[in-house]
Amino acid sequence: MSRQIHIINKNQKSLETILSIQNLDKKYGKVHAVNNLSFDIQKGNVYGILGPNGSGKSTTLGIILNVVNKTSGNFSWFDGKLSTHEALKKVGAIIERPNFYPYMTAVQNLQLICKIKGVSYDKIEEKLKIVNLYERRNSKFRTYSLGMKQRLAIASALLNDPEILILDEPTNGLDPQGIHEIRQIIKEIAQNGTTILLASHLLDEVEKVCSHVVVIRNGVKLYSGRVDEMTASNGFFELQADDQNKLKQLLESHSSIGTINSENGVLIANLSSELSASEINKFLFDNGISLSHLVKRKPSLEQQFLDLTNNQ
Amino acid sequence: MLRLLTIELHKLKYNRASKVLSIIYFALLTSIALIAAIKFDIGPIKFHLAEQGIFNFPYIWHFNTYIAAIFKFFLLLVIVSMMANEYSYKTLKQNLIDGLSKKEFILSKFYTVIAFAFVSTLFVFIVSLILGAVYSDFNEISIIFSDLDYLFAFFIKLLGFFSFGLFLGILIKRSAFAVAAMIVWLIVESLIKGYLYWTFRNIKTGTDEAVNGIMQFFPLESMANLIKEPFTRLGAVKSVASQIGENFTKDYSVSLFNITIVLIWTAIFIYSSYALLKKRDL
């Protein structure tokens, strides 16, 4: 899904850099929260920032959103055409918990944001409907549940029809119902071609919506690029036959096959170079083995992520 | 500028505590008029305060601005909490993310302080004008509009005081502690003053002059000096004093030097607030 969107957008617009980060550094005393981080955000893509808790995701977002001071390095919005706070008027962002004035209603809070961003009140009703809060629009913010607060935060981030939507752990602390609702909303926004930057430690979340990913650990960038090109892996086969021992011997003799493991009676053969399922099937059949089970898989994002964060 | 002011007023408008405090404040300002109603009528002793000359132009400007300045603590609470709330609700962070710069954020607060000081001054002006029109013995235009520098001093006094409150709100981030810090600072200034009196007790040129020469540079003292107490200036009090052999020779006028000191403190407070905000990670 997300990949299709990416391709469509790429055809429509020439690549336009929305955000560029160069050699960004942040130290909190001795803690090196962000270490020489560089990456670019292009228009129309959906980016995920992946990293374990405390890896520097939120700090990075805090820096580009003008609430955390960088120690060194640079970042520029929209090719440096706008100052940071002017650029932020074209950005929609939610970081950590939703922060609004508890004594104001949803509508009053959104009106305030319209004033700050310098846009008219026209969109308030529409955005409240998108996040299903229209019925509760005149309730005070302090009466909202966490899920409703998070949805109001999304509505506020959408008020200016942003060029880019930045979400930091948008489903954190929500119940399954709430998580589903938020993901649904994010998917709809992505389908409209809005650039999204999503920070999360939840891999399936990123896998479901993102086309590109930046992986960081301890403030160091481990990978940035397309989700499906994250590891150099050529994938692996799951194989099963009546004579597992002979199957294993044959596989070991094949030049394209690397390590072989056995899991629950199924052989897992990792590929060291490109090899199609039909080629391996033909090779085995010619050598007198008929398979009862053959699947070619790419490693899951979770597997890739763990490989990346463990190897380095 | 108007945009920043409307942003801040939007935040205050819906806050019940701020609204109640502001209403109490302006009600108290109006209540100065109630002094006019003070009357004793005990047999032979007839005393009507309004007829003792306190509402005579131009003395009324001095008297009313002095009394009105006492009520500024109500607005101080509003101002300190409008700053500290941004921290406790974490909305400061959200404001910045939404595209307000740190400079704009401080300016929106400062403009609100100016607006509060200005509206207060206007209010005192109108109330005094009406009271004077009713009770003053002199009604010539030239007398009515003389000594208006007390109103200007009142405005500067509020501006300096509220800027101090704003700064403490940012520095301490909690309303109650910020107000407490203001009180602590007042005590500190008093202690320093006491210490100076003790140090200079034997000085030949006069202890008062030496102490005031130093104390006038402290923030709260300089604000207090802007409008000197008006009571000993009152005709009735003066005549009583001269009967018992006291003679007041005091300069009651508003000094330009004093105004400059308070304006410099205001600039220091606002700039430090900005510097503090700029330096902090939120």
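Every chain is numbered from 1 and lettered A, B, ... according to where its sequence line falls, protein lines coming before strand lines.
For a residue to count as touching a neighbouring chain, one of its non-hydrogen atoms must lie under 4.5 Å from one of that chain's; by this rule A/Lys26 touches chain B with the side chain only. In this structure, the portions of A/Tyr101 lying under 4.5 Å from any heavy atom of chain B include both its backbone and its side chain.
In this structure, CG on A/Asp168 lies 9.0 Å from CD1 on B/Ile97, to the nearest 0.5 angstrom. Between the CG atom in A/Leu65 and the NZ atom in B/Lys93 there is a gap of 9.5 Å [rounded to 0.5 Å].
At most 12 non-hydrogen atoms from other residues, nucleotides or ligands lie less than 6.0 angstrom from CZ of B/Phe74. For A/Arg136, the CZ atom is densely surrounded, since the number of other residues' heavy atoms within 6.0 Å is greater than 12. Within a 6.0 Å radius of OH in B/Tyr271, no more than 12 heavy atoms belonging to other residues, nucleotides or ligands are found. The 12-atom threshold is not exceeded at CZ of B/Phe118, counting heavy atoms of other residues, nucleotides or ligands nearer than 6.0 Å. Atom CZ of B/Phe177 has 12 or fewer heavy atoms from other residues, nucleotides or ligands within 6.0 Å.
Chain A forms more heavy-atom pairs under 4.5 Å with one residue of B/Leu277, B/Leu96, B/Ile7 than with any other, namely B/Ile7. For chain A, the option among B/Lys90, B/Arg280, B/Lys279 with the highest count of heavy-atom pairs below 4.5 Å is B/Lys90. Interface summary for chain B: among A/Lys90, A/Gln108, A/Gln111, the most heavy-atom pairs under 4.5 angstrom belong to A/Gln108.
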- For the pair B/Asn95 and A/Ile116, evaluate side chain to side chain contact (heavy atoms under 4.5 Å, CB included) and give the outcome as yes or no after the intermediate values. CA-CA 8 Å; B/Asn95 282 178; A/Ile116 292 176; 3.5 Å; yes
- Walk me through it: do A/His85 and B/Lys103 pass the test side chain to side chain contact (heavy atoms under 4.5 Å, CB included)? CA-CA 10 Å; A/His85 82 96; B/Lys103 194 171 162 191; over 6 Å; no
- Task: Please lay out, stage by stage, how B/Asp98 and A/Lys89 fare under the test side chain to side chain contact (heavy atoms under 4.5 Å, CB included).
- Result: CA-CA 6 Å; B/Asp98 287 334; A/Lys89 289 179 183 165; over 6 Å; no
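Shown here for A/Tyr103 and B/Tyr14, the closest heavy-atom pair between the two residues is CD1-O, 3.2 Å. Taking every heavy atom of both residues into account, A/Asn66 and B/Lys102 meet most closely at O-CE, 3.8 Å. The two residues B/Asp281 and A/Tyr28 have their closest heavy-atom pair at OD2-CE2, 3.6 Å. Across all non-hydrogen atoms, the minimal contact from A/Leu88 to B/Gly99 is CB-CA, 3.8 Å. Between B/Lys11 and A/Leu112, the shortest heavy-atom distance links the atoms CG-CD2, 3.9 Å.
Judged purely by atom type and a 3.5 angstrom limit, A/Asn69 uses its side chain to pair as donor or acceptor with the backbone of B/Lys278.
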